[in-house]
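Note that the structure is predicted; figures quoted are calculated from it, not measured. In the text below, chain A, chain B and the rest are named by the order of the sequence lines, each starting its count at 1.
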Protein chains: 2
Amino acid sequence: MTGARLDEIDRKILAELQADGRMTNVELARRVGISAPPCLRRVRALEELGFIRSYHAKVEPRELGFEVQVFAMVRLHSQSEKDLSAFEARAREWPLVRECHMLNGEIDFILKCVSPDLPTFQRFLTEGLTSADNVASVKTSLVIRCAKDEPGVPFDIVESRAAAAS
Amino acid sequence: MTGARLDEIDRKILAELQADGRMTNVELARRVGISAPPCLRRVRALEELGFIRSYHAKVEPRELGFEVQVFAMVRLHSQSEKDLSAFEARAREWPLVRECHMLNGEIDFILKCVSPDLPTFQRFLTEGLTSADNVASVKTSLVIRCAKDEPGVPFDIVESRAAAAS
DNA sequence: GCGGTCTGCGCAATATTATTTCAGAAAAGA
DNA sequence: TCTTTTCTGAAATAATATTGCGCAGACCGC
């Protein structure tokens, strides 16, 4: 279960580290209002308990020559668990696929892909994705631009909900 | 321009920090094969030049009570730049919307949303998104499960391409 | 109320790490 | 070749992370 309850300080820690994952523990402790040692212990606990899964530098794909970003909507012939898992396993193997989510409704999977250029993506699309086993159809949409990209959780809502509950 | 060329060490640094954004500089230096001071200078430079945009802890939404994740495909009536920008500005204001990408093709925008529960999302959908100015239609799909979530860049491809070019 | 246990805090000490400084080696150009 | 530039790494210093430990408050059964 996700039984372990978080207090106000834990939520602040998560919010701060989500916003800046490289903040020093001293600075973090200052911001959440406790001293460094217990702060570090809380961070470790949050990591252990799975609230914090990992830390990542956000790298700019375009700066690295990945000019193309694409969302691919995939439909399969068979939605048996075995076939779904098989597709997911393949998705994990494709480097161009950065995210793979199973959806309800008409579309079975949505993939977020990056590619250095259009030819490379087209090759992946024709030789990899659409020709993969069990794939019924693929609809792709190029990303023109990104207006917002803040994965994670809206802690402003977490806090207002916690306040409302009390 | 993105003129500043990166060498092998820079790319290793980016790959390592993308995989573990909290790695100490000492460990990072050891892994990429140089000493700590020049390594830190390179990291700072990569941040300055925009290759590294930011650092984030990856927080598990479900652990924090955000049980619902949804992709919303939005179509607008008008695609004039003014109206597109207006929609983007609104998307940035909605806390439940974590990502907003403008697409080509039939769909104008795709939004990735999180919500504590279905009622909360339905309220946002009816009172916020679908009733917003200029929104023609919204199709939503619940995320059943996530098979892969590794935003960023596939450095294995960067390296093989660099090797091929040399 | 009174001890016992549990939990979490913060001080202080120590180990690691970050950062600056600086001199020297390799690459580029006249 | 000589300069200029650029980048490296050793050493020193500043800052931070981490451990150990004593203390205070909460909770519990008596």
Inset, instruction - Answer yes if the side chains of B:Glu127 and B:Ser131 hold a donor-acceptor pair under 3.5 Å, and no otherwise. - result: no

Inset, instruction - State the CD1-CG distance between B:Ile144 and A:Leu103, to the nearest 0.5 angstrom. - result: 7.5 Å

[X] [atom1] - [N] [atom2] separation (whole Å):
{"X": "A:Ile34", "N": "C:dC11", "atom1": "CD1", "atom2": "C1'", "result": "14 Å"}
{"X": "B:Leu46", "N": "D:dC7", "atom1": "CG", "atom2": "P", "result": "12 Å"}
{"X": "B:Ile9", "N": "D:dT8", "atom1": "CD1", "atom2": "P", "result": "6 Å"}
{"X": "A:Leu28", "N": "C:dG10", "atom1": "CG", "atom2": "C1'", "result": "16 Å"}

Inset, instruction - May I ask you to decide if the ring planes of B:Phe87 and B:Phe109 are parallel, tilted or perpendicular, using 30° and 60° as cut-offs? - result: tilted

Inset, instruction - Look at the aromatic rings of A:Phe71 and B:Phe71 and report parallel, tilted or perpendicular, splitting at 30° and 60°. - result: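 The arrangement is perpendicular - the two ring planes meet at more than 60°.
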
Inset, instruction - Go along nucleotides 13-19 of chain D 5' to 3' and tag each nucleotide: B for a protein heavy atom under 4.0 Å from its base, S when only backbone or sugar atoms are that close, - otherwise. - result: ---SSSB

Inset, instruction - Could you walk me through whether B:Glu99 and A:Lys112 pass the salt bridge (charged side-chain N to carboxylate O under 4.0 Å, His left out) test, one step at a time? - result: CA-CA 12 Å; B:Glu99 297 182 33; A:Lys112 191 197 273 184; 2.8 Å; yes

Inset, instruction - For a side-chain contact (heavy atoms from CB on, under 4.5 Å) with B:Ile13, tell me which candidate from B:Met23, B:Glu8, B:Arg42 qualifies. - result: B:Arg42

